Trainee: 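The structure is given below, and queries will be raised subsequently.
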2 protein chains.
Amino acid sequence: MQNINNHLQIYCFLANFNLGIEVFKMQKQDVTIYDVAREANVSMATVSRVVNGNTNVRKETRDKVLAVIDRLHYQPNAVAQGLASKKTTTVGVVVPGLTNLHFAELAKGIDDIATMYKYNIILTSIENNVIDNGNVIQSILNKQVDGVIYMCNTMSPKATEAFSRANIPVVLAGTIIDNDHFGSVAIDYKEADRKALELLWKDGKKNIALIVDDKEAYINRGFRIKSYRQFLADHGIKSEYIYDNILTFEDGYNLFAKLYSDGIDAVVTTKDITAAGIVNAALDSQVSIPEQFEIISATSTNIAKIVRPQLTSIQQPLYDIGAVAMRMLTKLMKNEDVAEKNIVLPYQILKHNTTLNK
Amino acid sequence: MQNINNHLQIYCFLANFNLGIEVFKMQKQDVTIYDVAREANVSMATVSRVVNGNTNVRKETRDKVLAVIDRLHYQPNAVAQGLASKKTTTVGVVVPGLTNLHFAELAKGIDDIATMYKYNIILTSIENNVIDNGNVIQSILNKQVDGVIYMCNTMSPKATEAFSRANIPVVLAGTIIDNDHFGSVAIDYKEADRKALELLWKDGKKNIALIVDDKEAYINRGFRIKSYRQFLADHGIKSEYIYDNILTFEDGYNLFAKLYSDGIDAVVTTKDITAAGIVNAALDSQVSIPEQFEIISATSTNIAKIVRPQLTSIQQPLYDIGAVAMRMLTKLMKNEDVAEKNIVLPYQILKHNTTLNK
DNA sequence: ATGAAAGCGCTAACAA
DNA sequence: TTGTTAGCGCTTTCAT
């Protein structure tokens, strides 16, 4: 409802814009490498060498050139550099939606390392329920990015094909996809989920459910759900409770009634924002947490510590995942050796107040 | 502390990478506009026209070219396009840190409109307490972005200078800066804060404090703080309580003790994440909200509804601000007329449970 | 409606 | 150590 209002509001504003059009005069860049060369009495090649830190330049020459660069406020045109060198020092970062902290914390790790290595980031989001026909991927590929960090849980065939044709390195960050051409940095999702489930079991909970965003995503299909079924089998539990397509705070809040009527007494959720919804719904229904109902979130952002009672969660090293993924990408982009293309980082289960056992 | 751990962890990982280097073989793009032209028996110019939707092409010719494009999987090189046309269909988005939802919700508005108009986004973050010497700004300018959305609360002289030399449109989103060369989309911060303060006053609170992130930011210095002082003057209040540099949940949590000992009974905070910290600290200190202590957040993200009691807050139309800013930017980039370069959007004060008066 | 040709600003052989 | 030159892949006049 609020979303609808938002959108109505904006369309009104957009409609009210004046649509007059002026002629656009194209103009060349004011000061180019050629100007610097002329002013410094050297060739373009020498200026280029100075700009790129090539050591084959006499110190006096270098200083002379730098002085001119400074005086003219010369700045290299990265587009021209990119065309000539076939390297753009730009990486594509593909995320599944912008409005979640999980992405933000990963992105910080990526950004810090990217900045350290002087790469710029082209950010592209593929919203969850939008069918990606590969266009957005193709669009960043056309921009000649040197590599891509991919954070979505699925990849369309078109996108896969586009990546393979582009022949640039791709590293998955905080996700796993059924494609071993890509590097990856993640945690052991299968093990982490199993530990969370055992924790709930040890607390005496019997009807434990799994709540996921997208059943078909490989990370769920291939790890979380497998882990859950293994857990059920090992404990001789017959009934399986998997709730799918739970994405937002509201989804979580609204799901609780169903969980309750299904007799569920503990859940592992994919996202802490949905866990927050469940917690609040439980409290509003006078269900006591953790005595009557336990929750563990498989993901932990700032939200996990704001919710009261504070969420027990699997704490992934989000910043590290982003940073290590980006570091791996810089190596792949420079064709340096990478010892291990599939890195598994450690995680912790932080026991707070949505579980009994401390 | 957690941050320190994070960083230690990552440095270990980075250090363990193998550093072997291979020679990098540069290769030309596989299929270019030239290949298409040859295969279709037309000139490059014609292919270019087809690619760019120029209508001056016979239908048969167009179809023939499109067939070849399809067969060869031709994709235009955006870098070459950018160099030749001096337009990159890329915009820079500058944000003050990645890890807050306030940015994320604005970014979604920006991203949606950018996608609609086929612009890519180069995302750059300027972390709060880092002195920006203009390098990150210059770096995106060198990439020849066609325009910039700027979301930080301050701008260094170097950055200002770089923008003015680059001569591209800049639109401020959700912020105000002391520079009228830029377009802007925001709400009336002065009025909104005043209304929040009056609300607290009407509830009988007498010692009302203002909590800001950065006293020197123009948006605070020129609007919020002015508004606060006017409020004090109008009510004949002598003592001014402004708390500066409160940025995180923990900052808010830790600040509460001081607020309490200073005799504060109500606050307006800049960010809802710090408000959340204050709320939790108050509850942990057995101070009842809103009876003994009231809080209004001047910003409202998803966090405002997760905190219990739910935050009373000034709800800015974040999505709209981003979307309208981006829409304005598209117009400026195409040299179209823009009726009003400084747009003020409506806001609401959402009364929830951290204030008495409903 | 189509083609020829001159750049866009830079890098990177290759020479000197 | 420095300069010459030929592109990188595309757009855009200007002819035709």
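From a predicted model like this one, the values you see are computed outputs, not experimental measurements. Order of the sequence lines fixes the chain letters, A, B, ..., with proteins taken first and strands second; residue numbering starts at 1 for each chain.
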Trainee: Looking just at side-chain N and O atoms, do B:Asp112 and B:Tyr319 make a donor-acceptor pair shorter than 3.5 Å?
Mentor: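 Checked: B:Asp112/B:Tyr319 side chains pair up, N/O donor to acceptor below 3.5 Å.
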
Trainee: Please enumerate all residues that pass salt bridge (charged side-chain N to carboxylate O under 4.0 Å, His left out) together with A:Lys59, with sequence neighbours excluded.
Mentor: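 Only A:Asp63 meet the salt bridge (charged side-chain N to carboxylate O under 4.0 Å, His left out) criterion with A:Lys59.
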
Trainee: Using OP1 and OP2 only, check whether a side-chain N or O of B:Lys86 sits under 4.0 Å from D:dC10.
Mentor: no

Trainee: Output the rounded distance in Å from CG (A:Asp35) to P (C:dG9).
Mentor: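 Rounded to whole Å, this separation is 9 Å.
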
Trainee: Strictly below 4.0 Å: does B:Arg49 bring a side-chain N or O up to OP1 or OP2 of C:dT2?
Mentor: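 Answer is no, no contact under 4.0 Å.
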
Trainee: Between B:Glu60 and B:Lys64, does at least one N-O distance fall below 4.0 Å, as a salt bridge requires?
Mentor: no

Trainee: Roughly how many Å is it from CG in A:Asn56 to P in C:dC14, rounded to a whole number?
Mentor: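 That distance rounds to 16 Å.
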
Trainee: Below 4.0 angstrom, which residues in residues 60-78 of chain A have at least one non-hydrogen atom near DNA chain D?
Mentor: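 Correct list: A:Thr61.
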
Trainee: Heavy-atom distance under 4.5 Å between the side chains of A:Met328 and A:Ile343, does that happen here?
Mentor: yes

Trainee: One pair to check against side-chain contact (heavy atoms from CB on, under 4.5 Å): A:Thr90 and A:Ile121. What are the steps and the verdict?
Mentor: CA-CA 6 Å; A:Thr90 303; A:Ile121 285 174; over 6 Å; no

Trainee: Quick one: do the A:Asn52 and A:Ser48 side chains pair a donor with an acceptor below 3.5 Å?
Mentor: yes

Trainee: To the nearest 10 degrees, what angle separates the axes at the start and end of the helix from C:dA1-D:dT16 to C:dA16-D:dT1, five pairs each?
Mentor: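 Computed angle between terminal axes is 30°.
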
Trainee: Do the side-chain N or O atoms of A:Ser48 get closer than 4.0 angstrom to the phosphate oxygens (OP1, OP2) of C:dT11?
Mentor: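 Yes, such a contact exists.
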
Trainee: Do A:Tyr117 and A:Met326 come close enough that some side-chain heavy atom pair is under 4.5 Å?
Mentor: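 No. Closest side-chain heavy atoms not under 4.5 Å.
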
Trainee: Does a side-chain N or O of A:Asn52 approach OP1 or OP2 of C:dT11 to a distance below 4.0 Å, or not?
Mentor: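 Yes, because at least one side-chain N or O of A:Asn52 sits under 4.0 Å from OP1 or OP2 of C:dT11.
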
Trainee: If I take atom CG in residue A:Asn54 and atom P in nucleotide D:dT1, what distance separates them, rounded to the nearest angstrom?
Mentor: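 My rounded result for the distance is 9 Å.
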
Trainee: In residues 36-47 of chain A, which ones come under 4.0 Å of DNA chain D, going by heavy atoms?
Mentor: A:Asn41, A:Val42, A:Ser43, A:Ala45, A:Thr46

Trainee: Rounding to an integer number of Å, can you tell me how far B:Tyr34 OH sits from D:dG7 C1'?
Mentor: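 To the nearest whole Å, that distance equals 14 Å.
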
Trainee: Among all residues two or more places apart in sequence or in another chain, which pass the ring pair (Phe, Tyr, Trp, His ring centres under 6.0 Å) test with B:Tyr34?
Mentor: none

Trainee: With a 4.5 Å cut-off on side-chain heavy atoms, are B:Ile126 and B:Pro96 touching?
Mentor: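 No, every pair of side-chain atoms sits at 4.5 Å or beyond.
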
Trainee: Does the side chain of B:Thr160 pick up a donor-acceptor pair with the side chain of B:Asn179 at under 3.5 Å?
Mentor: no

Trainee: Taking the side chain as C-beta and beyond, is there a heavy-atom pair between B:Thr175 and B:Leu172 under 4.5 Å?
Mentor: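 Side-chain contact under 4.5 Å: yes.
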
Trainee: Using a strict 4.0 Å threshold on nitrogen-to-oxygen distance, state whether B:Asp111 and B:Lys108 make a salt bridge.
Mentor: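 B:Lys108 and B:Asp111: not salt-bridged.
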
Trainee: Kindly indicate whether the side chain of A:Val148, heavy atoms from C-beta on, has any atom under 4.5 Å from the side chain of A:Val145.
Mentor: yes

Trainee: By nearest heavy atom, map B:Leu83 and B:Lys59 onto DNA chain C; which one lands nearer the 5' end?
Mentor: B:Lys59

Trainee: Please examine the side chains of A:Gln138 and A:Leu141, heavy atoms only from C-beta on, and report whether any two atoms are closer than 4.5 Å.
Mentor: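 Yes, at least one pair of side-chain atoms sits under 4.5 Å.
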
Trainee: Does anything in residues 138-148 of chain B reach DNA chain C, meaning a heavy atom under 4.0 Å, and if so which residues?
Mentor: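 Heavy-atom contacts with DNA chain C come from no residue of residues 138-148 of chain B; none.
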
Trainee: Any idea which of C:dA1, C:dG9, D:dG9 is nearest the A:Thr32 side chain?
Mentor: C:dG9

